[in-house]
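To start, the structure under review is shown below, and the notes come after it.
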Amino acid sequence: MNTECIQNSSKLLSETKSMFFSVSDESLMILFSISVSVDAVMRIVLMGRKGSGRSSSGNSILGENRFTEQECELSEGQTQIGHRRVHVLDCPDVLDPDVDKEKLQEQLLSACSAGLSSVLLVVPLVKKLENEQEMLEFIKDLFGPEVLKCIMILVTHEDEDEARVSQLLQQKVNVDLQQLLTECGTKYHCINNKRRSEEQRIHLLQKIEGLMKENRGKLVKRRRGSMGSFVNFSGL
């Protein structure tokens with residue numbers, strides 16, 4: 001290969017925004033994704049027990065009443081906020097006996113196949129933890145240990161400013177919540193679903209944007225046919 005061909009090949013590679021390589025191994029397809037482009041879609045998964053304010057938080061992000069906590073299946077909603085297309089997935093209580101967990105796993109993997117920006121584990125400030133630790137294990141089992149990098153605790157409250165919430169989180173009575181926060185890298189955000197505002201949801205999305213920049217992208221699917229298939233981060 002002459003020098004000109006090598007230079008042309010290098011130029012072509014440098015200009016490529018996204019490349020995909022597939023390898024077949026006994027009917028198992030492994031998909032590797034290399035992306036340097038800015039993806040305008042922010043994909044958020046909301047998880048939490050019934051009564052945590054999970055669905056209300058999804059409605060606050062969307063700016064409309066789209067979700068209800070009575071659902072036993074995955075619900076989806078989309079909106080446009082600035083330059084971002086925001087796709088919200090409201091996941092039912094995974095420990096609810098009426099929820100088909102196997103079906104839910106399949107739905108989540110399919111819905112997030114293009115990339116996962118953040119998982120918001122919703123926790124009410126004024127209630128004791130119940131099954132949140134088990135939910136965290138469900139998330140890790142489904143998406144893999146790397147998902148911890150994009151999990152944020154979403155603390156729901158009423159009429160408390162962020163400084164006051166931070167103070168309450170540090171109290172000894174909230175030791176279980178403190179442990180949960182520590183496992184999630186102390187990443188959290190406070191939201192008041194009784195007082196929806198554009199400023200409040202933009203603040204949350206800015207935190208998720210910062211998380212994506214810190215992770216250098218979104219969690220992306222590499223292996224088809226595997227439940228623990230989200231194992232690396234791809235470009236923003």
Side-chain angles (χ1 to χ4, degrees), residues 18 20 22 28-33 35 37-50 52 54-81 84-96 98-122 134-152 154 184 201 204-205 208-209 211-212 215 217-236:
S18 181
F20 298 89
S22 60
L28 181 66
M29 185 69 74
I30 301 177
L31 183 67
F32 299 92
S33 172
S35 177
S37 63
V38 177
D39 185 354
V41 178
M42 178 183 286
R43 194 165 288 102
I44 303 168
V45 171
L46 285 165
M47 302 199 72
R49 68 177 189 261
K50 285 184 177 179
S52 65
R54 182 197 68 244
S55 296
S56 294
S57 297
N59 291 334
S60 292
I61 295 172
L62 293 176
E64 63 175 300
N65 293 324
R66 173 68 179 80
F67 303 129
T68 170
E69 292 198 4
Q70 303 305 316
E71 297 288 342
C72 290
E73 294 189 359
L74 187 69
S75 300
E76 303 181 36
Q78 298 185 45
T79 189
Q80 186 77 28
I81 302 178
R84 283 284 190 188
R85 188 68 186 170
V86 181
H87 189 178
V88 181
L89 303 166
D90 183 25
C91 183
D93 186 339
V94 298
L95 299 180
D96 186 330
D98 293 328
V99 173
D100 186 333
K101 295 179 181 60
E102 185 174 342
K103 181 180 179 181
L104 178 61
Q105 288 175 329
E106 293 175 355
Q107 289 177 329
L108 280 170
L109 289 177
S110 176
C112 298
S113 60
L116 175 61
S117 303
S118 180
V119 177
L120 300 180
L121 181 54
V122 184
E134 294 175 76
M135 287 185 181
L136 183 59
E137 294 304 317
F138 174 89
I139 296 168
K140 291 192 293 184
D141 289 343
L142 182 63
F143 295 112
E146 286 287 287
V147 75
L148 284 172
K149 294 180 181 179
C150 61
I151 290 180
M152 189 187 308
L154 186 63
C184 296
R201 69 173 184 164
L204 171 58
L205 297 183
I208 297 175
E209 289 262 13
L211 198 59
M212 292 169 64
N215 294 329
K218 297 184 294 186
L219 202 61
V220 295
K221 188 174 183 180
R222 285 184 58 189
R223 179 172 299 179
R224 295 175 183 170
S226 171
M227 297 306 283
S229 56
F230 288 71
V231 295
N232 73 323
F233 284 87
S234 182
L236 292 174

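No experiment lies behind these values; they were computed from the predicted model shown.
A 4.5 Å side-chain heavy-atom check between Val45 and Ile139 finds every atom pair outside the cut-off. With a 4.5 Å cut-off on side-chain heavy atoms, Leu204 and Leu120 count as touching.
The NE2 atom of His87 sits 11.5 Å away from the CG atom of Leu116 when rounded to the nearest 0.5 Å. Going from atom CG of Leu74 over to atom OG of Ser110 covers 9.5 Å, rounded to the nearest 0.5 Å.
Of the possible polar contacts, one joining the Arg43 side chain to the Gly115 backbone as a donor-acceptor pair under 3.5 Å is found.
The heavy-atom pair separating Val94 from Lys101 by the smallest distance is O-CE, 2.7 Å. The two residues Ser118 and Leu211 make their nearest non-hydrogen contact at OG-CD2, 4.1 Å. The two residues Cys91 and Leu108 make their nearest non-hydrogen contact at SG-CD1, 4.1 Å. The minimum heavy-atom distance between Met42 and Met212, with the atom names listed, is CE-SD, 4.1 Å. Of all heavy-atom pairs spanning Gly77 and Phe67, the tightest one is N-CZ, 3.7 Å. The nearest pair of heavy atoms linking Val99 to Pro92 is CG2-CB, 4.0 Å.
Not a single salt bridge (charged side-chain N to carboxylate O under 4.0 Å, His left out) links Glu76 to another residue, sequence neighbours left out. With sequence neighbours excluded, the residues that form a side chain to side chain contact (heavy atoms under 4.5 Å, CB included) with Glu73 are Lys103, Gln107.
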